[in-house]
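To start, the structure under review is shown below, and the notes come after it.
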2 protein chains.
Amino acid sequence: MLTQKAKYGLKALLMLAQQEQGEFTLVAEIAERQKLPRKYLELILLELRKQGFLHSQRGKHGGFRLAKPADQITFGQIIRVLDGPLAPFPCASLTGYRKCEDCTDEQVCAVRKQMRRVRDAMAAILDSTTLAEAAAQGVAADPAAEPALA
Amino acid sequence: MLTQKAKYGLKALLMLAQQEQGEFTLVAEIAERQKLPRKYLELILLELRKQGFLHSQRGKHGGFRLAKPADQITFGQIIRVLDGPLAPFPCASLTGYRKCEDCTDEQVCAVRKQMRRVRDAMAAILDSTTLAEAAAQGVAADPAAEPALA
DNA sequence: CTATTCTCTAGTAAATCGCTAGGGAAATAG
DNA sequence: CTATTTCCCTAGCGATTTACTAGAGAATAG
C-alpha cells in the first residue's frame, strides 16, 4: 500500500504536467484545486524538487513547475522518491535490496521468488507510465467505460 | 510493501504444503525450521485457521495442517487475509474499496487509473500462484539461474 | 521596504507494526 | 483421574511511521 504522500505527490505533478510549459503554479493553488493539505504538500514538493523533478521560484510570480518534460517523468521514479522501493519485500527489491533476517537460503526462497515476479510486474507498469501519458488518459477518459467498484 | 506477518504466514504455509497430506506439524517446529518468532507465528496461524486455510489439533500429536489442497490456496488469498487488500490505494481496490477524501472526480483520476492497472497486474500474479506451484518451483530452483541482487 | 512565496526545522498525535506474556481449554498418555 | 502437551485467546507494549501543523527564515518582485 502506498502512502498519502505518494498520492499527493502524483496528483500535484499530474496537475503541473497539464500547465503551460515554464509557467509557475503556487503551492496554495495546487493544494486548493486538488484538495490537499497545503503545508504537507509543501514538504512533498520540496522533496521532489531536491530530487530534480521540480523547479521552484520564490517571491511574487513564484511557484513550482516541472524541471523536465512530462514524458520524462515516470510514476515509478516518483513513488520511489516519496515512498521507497516498489517491491513487496526488501529482499525482492532492485533499488532497495536488503536480506531477510530469517532467510536461510535466498536462492530457494519461494516467497522471494514470487515477490520478485510481483515487483517486476509493478515496475513494468510504473516505470513505463509517464506523467504525460497519464495526464492525457486521465482527462480523455470516458466515464461510461469504467463502472463503479464495489 | 507487505508486512512481516504476511511473509511469515506465506513461509509457514509453504512449509506445510510440503508436508505429507494430513500430517500435523507443531507451531514450534515451523518457527524453528523457518527461523520465525514462535508466539507471533501462533497468532498468524490462528488467523489463517479462522479463515479456513488451516486445520489444527490440540494436545499430543497435534499441530497444524492445510485445510485444503495446496493447489487451491493462492498467495493472493493469504496476503489479503493477513495484510488486507492488494491495491496500492483503497480507491483502486476491488476487495477493500474506499473513496479518497480528496478525490473530486474518480472517473477521471489519473492516479487511480494507473493504480488499478498495478492492482490488476499484482492480482493476476498473486491470485494465480498457488502454494503447490510455488513450493515446487522454490525447491526445484537452480541457484545459478538467478544472480544475486544489489 | 514590503508583500509574497518558497525553504527549512521542529514537533506531535494517532495509528500500525512486530512482537511478548501468560493463562485457559482441549486432547492424549498413562 | 492426573499430568503433559499443544493449540487458543486476550492483553499489552515499545518502536516506528504516518500525516500532518507551526513558525521562523530567505529570496524575489515591485
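Below, chains carry the letters A, B, ... as their sequence lines are ordered, and counting in each starts from 1. Small disclaimer: the values here were computed from a predicted structure and weren't measured.
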Would you say [X] and [Y] make side-chain contact, with heavy atoms under 4.5 Å?
X	Y	answer
B/Q77	B/Q51	no
A/L131	A/L16	no
A/L126	B/M115	yes

Of residues 43-55 of chain B, the positions that come close to DNA chain D - non-hydrogen atoms, cut-off under 4.0 Å: B/L43, B/L46, B/R49, B/K50
Stretch residues 80-88 of chain A: residues that reach within less than 4.0 Å of DNA chain D through a heavy atom: none
Sugar-phosphate, base or nothing in reach of B/E42, heavy atoms under 4.0 Å: base
Sugar-phosphate, base or nothing in reach of A/F24, heavy atoms under 4.0 Å: nothing
N/O (side chain, B/S56) to phosphate O (OP1/OP2, D/dT6) under 4.0 Å: no
side-chain N/O A/Q4 vs D/dC20 OP1/OP2, d < 4.0 Å: yes
Straight-line distance of A/K7 NZ to B/D102 CG, nearest 0.5 Å: 4.0 Å
Outermost DNA chain C nucleotides near chain A [under 4.0 Å, heavy atoms]: C/dT4 to C/dT9
Pairing of B/E47 and B/K50 as salt bridge, 4.0 angstrom limit: no
